[in-house]
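Some notes on the structure that comes next.
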Amino acid sequence: MSNQATGGSSVETKPQRQHGVERMRMSRDELAERIARHVAEDRSVEAAPGLFLYRFSSPTGPRYGVTEPSFCVIAQGSKEVLLGKERYRYDASHYLLVSAELPVAGHIVDASKEQPYLAVRLVLDPAVVTEVLIEAGLHTSGMDDALKVMAVSRLDASLLDAVVRVVRLLDSPGDYGVLAPLVAREIIYRLCLGEQGGRLRQIAVSGGRAHRIAKAIELLRTNHNKPLRLAGLARQLGMSVSGLHHHFKAATGMSPLQFQKQFRLQEARRLLLAGDVDAATAGYRVGYDDASHFSREYRRLFGEPPLRDAERLRGSAASRREPAAV
């Protein structure tokens, strides 16, 4: 007996698969061409509010930064992002979804002058995500509280097509302001329907452990220069200390203390690059009372002492054009 479904089934035929592959190829080629045209040299640009385009013609070393909720698509090349000890690698066949602000490190893996790394990042507005979820009737759908705040999934033709259309609108500034928000909502809607729908609900959900971890991340960020009182934080979130530690690490790949440390050091680096403070002052502002301790922690993460690292980055034109961490 044949195992093929009959009647009203949606079994994909070989011609349909071939058509889907060809559709993906054409969309990917158009996306790459449009990014390359808008970004003629190695750099990243905010082509429109919340829409970033990237072009790099060689692999890059680790780039440290703090993410924001984002949807990331690569038209050409590949990239790896490190969150805690977890590694997330994605390429032109996959997308990266980030549902919270996180301290991460990322580097471009595959890129060359002949085939530069070309990518798009769309920042996800939590308010818009919530609106789309409600309109689609998905805001009450079940969600796994154990979901990590970052994931890689396979990119499908409909999602890629929407990305191409939002980038295409950059050529029509008069239309962009009206139509791009509609396409962004479509992207969010398609993400909600896909395997990362639960992760989108992490951005908007108002209850459960996932919401508490999102709140913990927010509190650690806004109070990064204050001593971490884990018991007080857990009490504020209505969780036990062990429960907070376990679920925070399951979601972010880091303990709350490790998260705070990375966030502090990246904020200190930002202050140093601005050139307004010395190393001791930068360390003090982010919560380090001991300058030598700050210097050791900084070097452990970034590979060089604070001032030397800042001077190297400021002195290199290329470093000012490094890609974002995601």
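This is a predicted model, so every value here is computed, not measured. Worth knowing before you read on, the calculation uses all heavy atoms, side chains too, and leaves out hydrogens, waters and symmetry mates.
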So how far is it from [X] [atom1] to [Y] [atom2], rounded to the nearest 0.5 Å?
| X | Y | atom1 | atom2 | result |
| --- | --- | --- | --- | --- |
| Arg299 | Ser295 | CZ | OG | 7.5 Å |
| Arg221 | Glu267 | CZ | CD | 10.5 Å |
| Asp175 | Arg168 | CG | CZ | 12.0 Å |
| Tyr95 | Ile187 | OH | CD1 | 11.5 Å |
| Leu179 | Glu186 | CG | CD | 11.5 Å |
| Ser158 | Asp156 | OG | CG | 5.5 Å |

Cationic tip of Arg264 above Tyr288 ring, under 6.0 Å, 45° of axis: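 Yes, Arg264 lies over the aromatic ring of Tyr288.
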
Cation-pi geometry met for Arg269 and Tyr64 (6.0 Å, 45°):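 No, Arg269 and Tyr64 do not form such a contact.
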
CD/Gln115: more than 12 non-hydrogen atoms of other groups inside 6.0 Å: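 For Gln115, atom CD is not crowded (no more than 12 foreign heavy atoms under 6.0 Å).
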
OH/Tyr176: more than 12 non-hydrogen atoms of other groups inside 6.0 Å: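 For Tyr176, atom OH is crowded (more than 12 foreign heavy atoms under 6.0 Å).
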
Lys/Arg N to Asp/Glu carboxylate O, Arg308 vs Glu311, below 4.0 Å: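 Looking at Arg308 and Glu311, the cut-off is not met.
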
Lys/Arg N to Asp/Glu carboxylate O, Glu297 vs Lys261, below 4.0 Å: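 Answer for the salt bridge query: yes.
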
Side-chain contact, heavy-atom cut-off 4.5 Å: [X] with [Y]?
| X | Y | value |
| --- | --- | --- |
| Asn225 | Tyr284 | no |
| Lys148 | Thr252 | no |
| Cys192 | Ile188 | yes |
| His94 | Ser153 | no |
| Arg154 | Glu195 | no |
| Val98 | Leu102 | yes |
| Arg121 | Glu68 | yes |
| Glu218 | Lys215 | yes |

Without swapping roles, check the side chain of [X] against the backbone of [Y] for a donor-acceptor pair under 3.5 Å.
| X | Y | result |
| --- | --- | --- |
| Gln262 | Gln266 | no |
| Asp309 | Pro305 | no |
| Arg190 | Leu159 | no |
| Glu135 | Val132 | no |
| Gln76 | Pro116 | yes |

Check against side-chain contact (heavy atoms from CB on, under 4.5 Å), Glu131 and Arg185: CA-CA 9 Å; Glu131 289 173 7; Arg185 292 173 75 91; 2.9 Å; yes

Linked, directly or transitively: [X] and [Y] (ILVMFWY side chains, under 4.5 Å):
| X | Y | value |
| --- | --- | --- |
| Met26 | Leu160 | no |
| Leu244 | Leu219 | yes |
| Met24 | Leu118 | yes |
| Leu82 | Leu97 | no |
| Val73 | Val21 | no |

Kindly give the heavy-atom pair with the smallest separation between [X] and [Y], and that separation in Å.
| X | Y | answer |
| --- | --- | --- |
| Ala48 | Leu170 | CB-CD2, 4.0 Å |
| Cys72 | Tyr90 | CB-OH, 3.7 Å |
| Ile108 | Thr60 | N-OG1, 3.1 Å |
| Val241 | Ala231 | CG2-CA, 3.7 Å |
| Ala282 | Val277 | CB-CG2, 3.8 Å |
| Pro306 | Leu272 | CB-CD1, 3.6 Å |

Step-by-step side-chain contact (heavy atoms from CB on, under 4.5 Å) determination, Leu233 to Leu220: CA-CA 9 Å; Leu233 179 61; Leu220 287 171; 4.2 Å; yes

Mutual orientation of the aromatic rings belonging to Phe263 and Phe259 [parallel < 30°, tilted 30-60°, perpendicular > 60°]: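 The arrangement is parallel - the two ring planes meet at less than 30°.
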
Stepwise salt bridge (Lys or Arg N to Asp or Glu O under 4.0 Å) test for Lys249 and Glu86: CA-CA 11 Å; Lys249 192 165 187 177; Glu86 300 283 340; over 6 Å; no

Worked verdict on Glu41 versus Arg55 for salt bridge (Lys or Arg N to Asp or Glu O under 4.0 Å): CA-CA 7 Å; Glu41 57 183 11; Arg55 176 182 182 144; over 6 Å; no

Using a distance-only test with no angle check, is there a side-chain donor-acceptor pair under 3.5 angstrom linking [X] and [Y]?
| X | Y | result |
| --- | --- | --- |
| Asp110 | Ser78 | yes |
| Thr281 | Asp278 | yes |
| Ser57 | Asp42 | yes |

Salt bridge (Lys or Arg N to Asp or Glu O under 4.0 Å) evaluation trace for Arg37 with Asp171: CA-CA 10 Å; Arg37 183 154 47 80; Asp171 291 333; 3.3 Å; yes

With Glu80, the salt bridge (charged side-chain N to carboxylate O under 4.0 Å, His left out) member among Arg87, Arg89, Arg63: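 Among the candidates, only Arg87 passes.
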
Check: Tyr117 ring centroid to Tyr54 ring centroid under 6.0 Å: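 Ring-ring flag for Tyr117/Tyr54: false, centres at least 6.0 Å apart.
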
